[in-house]
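First comes the structure, then the notes that go with it.
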Amino acid sequence: MIDQSHFIIAIDGYASSGKSTLAKDLAKYLNVAYVDTGAMYRAVTLYLIEEKIDFEKLKSWNGVLKGINISFKRNSKTLKNETFLNGESVEDEIRSLRVSSKVSEVSVIKDVRDFLVRQQRQMGKTISLVMDGRDIGTVVFPNAIAKFFVTAELEVRAKRRYLELVNKGSGLTFNQVKDNLQHRDIIDTTREISPLKKAKDAMEIDNSNISVAQQLDMAIKHVEGCLK
Ligand code: DC
């Protein structure tokens, strides 16, 4: 039984690798909060698109970032966590292709990363949580008690993401979804600041051929070992 009073679990991995599923399952099992940092980068991206800010040419970010407030709330009907941007739920909008196709470009910007990393560290100061993203075990919480690096083959990830989007009524083709994942993988792993990489002390889980339940099982065993 896990009884440490304050701990952080860091989960990093490729786009649509199933890291959010693992993070949510683990947070539920451990009865702690779950934070989806990808949603934060997506919310910033949505704001820039809506405000028609030409972010590639922007010289000073201070004024822009002051206008962005991101929060998470549990929806009492669906019992799911929702992302709020300046008080408005943007949970569906931030998953759209117009945001997905720009979010990796926004994520390379140092001012944006500093702004969000500060908030992520703040969240972990007082409460235990499971946080997922690209740089959680390497940069945001290098001292996390347990770390995971989640991978799956591109074809498998694209299929999962495509089915998810089809169920939501999206008209995207399989190739559009796969191209977007590939595009984001390249930017996320090759950017200068905080690129996606496995932390030395992270446990790697390739879930291409294992079930969600098996993945959770492996993770729980690892966490229990780390918390002993
Ligand atoms: O986890 P996701 O696919 O929703 O993340 C969207 C994008 O946000 C991802 O392509 C890269 C960026 N991201 C990041 O740079 N750092 C994080 N900690 C989380 C996400």
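Position 1 is the first residue of the sequence; numbering continues from there. Whatever order the structure lists ligands and atoms in, that order sets their numbers, starting from 1.
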Non-hydrogen atoms closer than 4.0 Å to ligand 1: which protein residues do they belong to? List them by chain and number, please. K19, T37, G38, Y41, R42, V103, S104, S107, R113, G133, R134, D135, I136, R184, D188, R191

Side-chain heavy atoms under 4.5 Å apart, restricted to Ile/Leu/Val/Met/Phe/Trp/Tyr: what other residues fall into the cluster of L181, or is it alone? L154

Determine whether a donor-acceptor pair (N or O, by modelled atom type, separation under 3.5 Å) exists between the side chain of N69 and the backbone of G87. no

Not counting sequence neighbours, list each pair that qualifies as a ring pair (Phe, Tyr, Trp, His ring centres under 6.0 Å) and has a residue in residues 77-130. none

Less than 3.5 Å apart, any donor N or O on the side chain of R157 or S208 sitting next to an acceptor on the other? no

Is Y14 isolated, or which residues cluster with it under the ILVMFWY side-chain rule of less than 4.5 Å, directly or via members? F149, L196

Can R161 and E164 be counted as an ion pair, charged N to O under 4.0 angstrom? yes

